[in-house]
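Contents: one structure, followed by commentary.
All heavy atoms count here, side chains included; hydrogens, waters and symmetry mates do not.
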Amino acid sequence: FELSIGDFFGSFFSAVLGTWMVPKESGAYMAAGTTGSCTAQGFLVAFFYGMAITMNAVLATTYYYLVKNEREDGTRTKRSVRLILTVPLLLPLFLS
């Protein structure tokens, strides 16, 4: 779910909005924003694409972990579920 959200909003802020949030004085095509809106767009693009990339890595790692260390009773620990849900959100936030 987080992977889809990250891809959608990353594409929205980079491809759909494009140069619309770039400052007018830059001379870019369809530029209508300010320096603050350009900075916000850059942060949001980095955050959402980072979330998508991190979620992809976490899903691959989790799949490997669950296949390799399959428990006999089939239950998951609370720690691994919390890790799966928080890492894809926190890591891009720090990197953005």
Side-chain angles (χ1 to χ4, degrees):
F1 182 70
E2 291 172 346
L3 180 62
S4 298
I5 290 173
D7 281 336
F8 174 78
F9 282 111
S11 297
F12 176 76
F13 283 110
S14 64
V16 175
L17 292 181
T19 59
W20 184 57
M21 297 178 85
V22 175
K24 289 180 187 178
E25 57 271 1
S26 70
Y29 176 70
M30 293 184 62
T34 62
T35 304
S37 66
C38 186
T39 304
Q41 181 183 17
F43 173 81
L44 291 170
V45 166
F47 175 74
F48 284 116
Y49 276 145
M51 184 174 72
I53 291 167
T54 306
M55 189 60 196
N56 195 11
V58 167
L59 286 173
T61 305
T62 304
Y63 176 75
Y64 173 76
Y65 174 77
L66 292 175
V67 168
K68 186 174 185 301
N69 300 323
E70 185 177 346
R71 301 178 116 202
E72 292 179 13
D73 58 358
T75 60
R76 295 183 189 164
T77 62
K78 289 182 181 179
R79 181 176 177 263
S80 63
V81 171
R82 276 187 263 142
L83 183 69
I84 292 168
L85 295 176
T86 57
V87 167
L89 293 175
L90 295 179
L91 186 62
L93 185 63
F94 290 128
L95 295 176
S96 295

Could you go through residues 19-26 and list every donor-acceptor pair under 3.5 Å that involves a side-chain atom there, pairing it with any protein atom two or more places apart or in another chain?
from	atom 1	to	atom 2	distance (Å)
T19	OG1	Y29	O	2.3
S26	OG	P23	O	2.8
S26	OG	A28	N	3.3

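Taken from CZ in F47 to CZ in F9, the straight-line distance is 11.0 Å, to the nearest 0.5 Å. To the nearest 0.5 angstrom, S11 atom OG is 3.5 Å from Y49 atom OH.
Under the 4.5 Å side-chain criterion, counting only non-hydrogen atoms from C-beta, S37 is in contact with T34.
F8 is connected to V16 through a chain of hydrophobic side-chain contacts under 4.5 Å among Ile, Leu, Val, Met, Phe, Trp and Tyr, so both are in one cluster.
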